[in-house]
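Beneath this line is the structure, given in structure tokens, with notes to follow.
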Amino acid sequence: MNTNKRERYESDSSSDSDNQERKKDLKERDEFAKRLREKDKEKTRKVTEKSDKKILEEVQKRAKLSDDKDAVERLRIESRRTYLAKRKEDQLLLLERKIADEVQLFASEKLTTQEKRKHEYDKKILELARQHDAAAEITKIQRYYIPSEEQTEEYVEVDEREKAPGSEQNKWEEERMGSASLRFGAKDANKRNKSKEYDLLVDGLEIDFVKTLTHAGDKSEFEDVEPELTEKEKRKLSIEETRKSLPIFPFREDLLEAIRDHQVLIIEGETGSGKTTQVPQYLHEAGFTKDGKKVGCTQPRRVAAMSVAARVAEEMNVKLGSEVGYSIRFEDCTSEKTIIKYMTDGMLLREFLGEPDLASYSVIIIDEAHERTLHTDILFGLVKDIARFRPDLKLLISSATLDAQKFSDFFDEAPVFRIPGRRFPVDIYYTKSPEADYVDACVVTILQIHITQKLGDILVFLPGQEEIEQCQELLQDRQRKLGSHIQELLIRPIYANLPTDMQAQVFEPTPPGARKVVLATNIAETSITIDNIIYVIDPGYCKQNSFNPRTGMESLVVVPISQASANQRAGRSGRVAAGKCFRLFTAWAFSNELEENTIPEIQRVHLGNVVLMLKSLGINDIMHFDYLDPPSSEALIIALEQLYALGALNHLGELTRLGRRMAEFPLDPMMSRALLASEKYKCSEEMLSICAMLSVNSSVFFRPKDKAVHADTARKRFFTYGGDHLSLLGIYKQWSETEFSKQWCTENYIQYRSMVRARDVRDQLENLMERVEVEVKSCDGDHVAMRKAITSGYFYHTAKLSKGGNYRTIKGNQTVMIHPNSSLFEETPRCLLYHELVLTTKEYMRQVIEIDASWLLEVAPHYYKPKDVDETGNMGKKMPKQVGKSSAELTRNYAKMNIN
DNA sequence: GAGCACTGC
């Protein structure tokens, strides 16, 4: 804990307080924090036992997915050919960008004579080269999208016009597209004497597309810095040569100079520029890792942190985990020698708890900042703050093109350093009119592409599993009707909940002469990369979790994507060759109906955990924390109220001893409160399993469509007296008794993947229990103890049975129902506790246990008063005595059913 | 009688 900071934030409140209890609690809290620090100091960081070989194997396994030799060989050769040809162009382009950057970045700086001479020399070279090429072939320059004045103006014009009253979409569309309209599909095909196939295919259902400007996506990707080369060719190039061939290389000196001159620098880098792997190495070579200081680089995803670290270790010819390491949840692959450390953004946030000034770092790089994950957004405020009292600390914020200015403004006008990337152009096509049924439109478009366009795989973005399955069925149906009239079309679905072996099929090479069409959710937008995609079909929708902080209700809704997201999706087609993106919406809709950017996560989620973490970092004024985009004050107040009710904050809004311990757990505050309450009820052993199981959200059960009945009976076999939390405990217990068997999972229709995750979470939580000084004990199946512990954390997630036989939440008086998958679905206990509220077809409580209302007085006397609970242990006075079943009745029922 | 976007600690 940073004492300076603590004093700074708390000085206002400490003077007016004469509350002895509060002072005692704060003292205990600080003593506890001190003990934690000492523990951390003692704990020598052990060098990872995971061997380099194992990690490299893993990385290679991922790389292998892109190694589809046979099918893509032709593409590779073609790519290679174009690569060599454009290599020269790239160099010129780099030079051009460099000159432009120098002009912009150092316009105000005084240049030395030598620098000036170099600059002039560069300019001259460029001029000569351009003159030479102009005579031969100009078009090659178009390989990369350089936003021209013309194009920008056109868009501005559109926007302006739309602001004017009476403007009409159609009119605009006509004017905008005019003769540039490009039609392909059935009509063109007919001209080429393929009418027979078309009669069968679409009955005039083809979709008209219009082509607008060509451009590239704007998202960075860490892997495949040189997608044009095959693995074999890559190996031929020495590591040094490869490094020198990266677009970032010519900027090395300028970049380092800019970093020396400025404390904060925004790096605007495109795909394949090599910034993620190279910048930390440059910093190391330039001496930023002297005096035992580290260069830290954050990534939004675990796989990225791992694979980039492995790559850099290879380039530096060191063992992964020694000088170069990575740190992700469940896996710390670093040692005392580590000087370049890749990590997930959430991991750096955790490190703040133990080292609030990040003293061991000389540079912090926040990569993929434009993705605006919750963790990254919090990091912005924190690193900006510590940069003020640590002038030696350098901050690099790496972002995609569009957001660089926003970051620059936030970090007190920090300069922007631009690095070009390597990517292929993507032609964007829009529909002429809006599509009502996007699944059907996808199917039509897939077949249009398949018949009229040259070979190359198709990637389709759909909102969810349901749409993917629907699309797959439709497509198979059409395919069957067409029979041998069309070439082979392989349909491959992918989404996060798909079993791993089926996910892997997406990466299998396409046989020669065939075409693969991948039906994917947003998982293919950033998380996974499928190679050899030439065509992207984008209906423009995705599913988003919407959370209502007032009611606590969650729901998944299909919403239009943002422009940034659409561009990211389009970019997925230009990775191996020039691509085409078919947007199933109009160009008008793109510029006028889609938001520019996706709403950042911090404005969409429950902030309980975030606020607790900030509080434990000594930041007391949560409302005025320096957010890049602040969450609503309502969301913050709700989070503060919740933390107060849980006892994590006192009446002055200060963190309590309990709050300090809660902050150690990577859990929702309610859950960490429940887990800590298990100390009192001596059931920590059981609560650890329950919390771990609850953390793997609703993906425990496997329910294939064709075996739904079997899966349901299997699930019901786990029903346990008391409620769903206890059923989950039973599942974990039984699984651990089988030595964590995979076969047991398969037999019981349980997802092995989820169980392994639950085990990882449980192990971590168990270690943290020791850290916060809780002895882990078992209550030997005392379900009352367990349910009381749960109630200690979730006391306002309760509902009571009303007169009409419905449940109403105690807080908010909302009508809610027990989820049909619950073991209590056919029971009607008078008082219930739920884990979460979800809005699907109805308002449901998911994961419920039966509780005794009198427990509420016991676990939350500050929140419930005796008048809230009547003498029979029921809630409220209006409660009719005969409605609902008592605990005793339920127990009898279960006994009759012979369950537990 | 229902349904599962995606990350991360």
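Each chain gets a letter, A, B and so on, in the order its sequence line appears, and its residues count up from 1.
- For A:Lys543, whose side chain is taken as the heavy atoms from C-beta onward, the closest listed nucleotide among B:dG1, B:dG8, B:dA5 is B:dA5.
- Looking at the side chain of A:Gln465, the nearest of the listed nucleotides B:dC4, B:dT7, B:dG1 is B:dC4.
- Taking atom CE on A:Met845 and atom P on B:dG1, their separation rounds to 16 Å, with Å as the unit.
- Put simply, CG on A:Leu839 is 15 Å from C1' on B:dC4, counting in whole angstrom units.
- Here A:Tyr844 reaches the OP1 or OP2 of B:dA2: one of its side-chain N or O atoms lies under 4.0 Å away.
- Counting any heavy atom pair closer than 4.0 Å across all strands shown, A:Ile523 reaches sugar-phosphate atoms only and no base atom.
- Comparing B:dG1, B:dT7, B:dC9 by their nearest atom to the side chain of A:Ile328 picks out B:dC9.
- For A:Asp712 and A:Arg715, the salt-bridge test passes: some basic side-chain N is under 4.0 Å from an acidic carboxylate O.
- For a distance-only test at 3.5 Å, the side chain of A:Arg703 qualifies as a donor-acceptor partner of the base of B:dA2.
- Of all the heavy atoms in A:Ile622 and A:Tyr627, the pair that sits closest is O-OH, 2.9 Å.
- Regarding A:Glu469, its CD atom lies at a distance of 14 Å from the C1' atom of B:dA5, rounded to whole Å.
- Taking atom CD1 of A:Ile528 as the reference point, atom P of B:dT7 lies 9 Å away to the nearest angstrom.
- OP1 and OP2 of B:dC6 both lie 4.0 Å or more from every side-chain N or O belonging to A:Thr526.
- Nearest approach of A:Asp367 to A:Ser398, heavy atoms of both residues: OD1-OG, 2.8 Å.
- Listed nucleotides: B:dA2, B:dC9, B:dA5. Nearest to the side chain of A:Thr521: B:dA5.
- Looking at heavy-atom distances under 4.0 Å, A:Thr373 makes no contact with the nucleic acid at all.
- Partners of A:Asp345 by side-chain contact (heavy atoms from CB on, under 4.5 Å), not counting sequence neighbours, listed by chain and number: A:Thr298, A:Pro300, A:Thr373, A:His375, A:Thr376, A:Leu379.
- Within 4.0 Å of A:Arg372, counting heavy atoms only, lies no atom of the nucleic acid at all.
- With sequence neighbours excluded, the residues that form a side-chain hydrogen bond (donor to acceptor under 3.5 Å, both in side chains) with A:Glu355 are A:Ser360.
- The distance from atom CG of A:Leu556 to atom P of B:dA2 is 17 Å, rounded to the nearest whole Å.
- Among the nucleotides B:dA5, B:dT7, B:dC9, the one closest to any side-chain atom of A:His375 is B:dC9.
- Within the 4.0 angstrom heavy-atom criterion, no nucleotide atom of any strand lies near A:Phe665.
- Nearest-nucleotide positions on DNA chain B place A:Arg846 closer to the 5' end than the other of A:Arg350 and A:Arg846.
- Checking B:dC4, B:dG1, B:dG8 against the side-chain heavy atoms of A:Arg715 singles out B:dG1 as nearest.
- Counting to the nearest Å, the C1' atom of B:dA2 and the CD atom of A:Glu466 are 12 Å from each other.
- Of the candidate nucleotides B:dC9, B:dC4, B:dA2, B:dC9 has the atom lying nearest to any side-chain atom of A:Arg757.
- Using a cutoff of 4.0 Å between basic side-chain nitrogens and carboxylate oxygens, A:Glu466 and A:Lys543 are not scored as salt-bridged.
- In this structure, A:Leu667 places its CG atom 13 Å from C1' of B:dG8, rounding to the nearest Å.
- Closest to the A:Arg301 side chain, of the nucleotides B:dG8, B:dC9, B:dG1, is B:dG8.
- Taking only side-chain atoms of A:Arg302, from C-beta outward, the nucleotide of B:dC4, B:dC9, B:dG1 with the closest atom is B:dC9.
- The side chain of A:Asn821 lies closest to B:dG1, out of B:dA5, B:dC9, B:dG1.
- Here the P atom of nucleotide B:dC4 and the CD1 atom of A:Ile750 are 18 Å apart, to the nearest Å.
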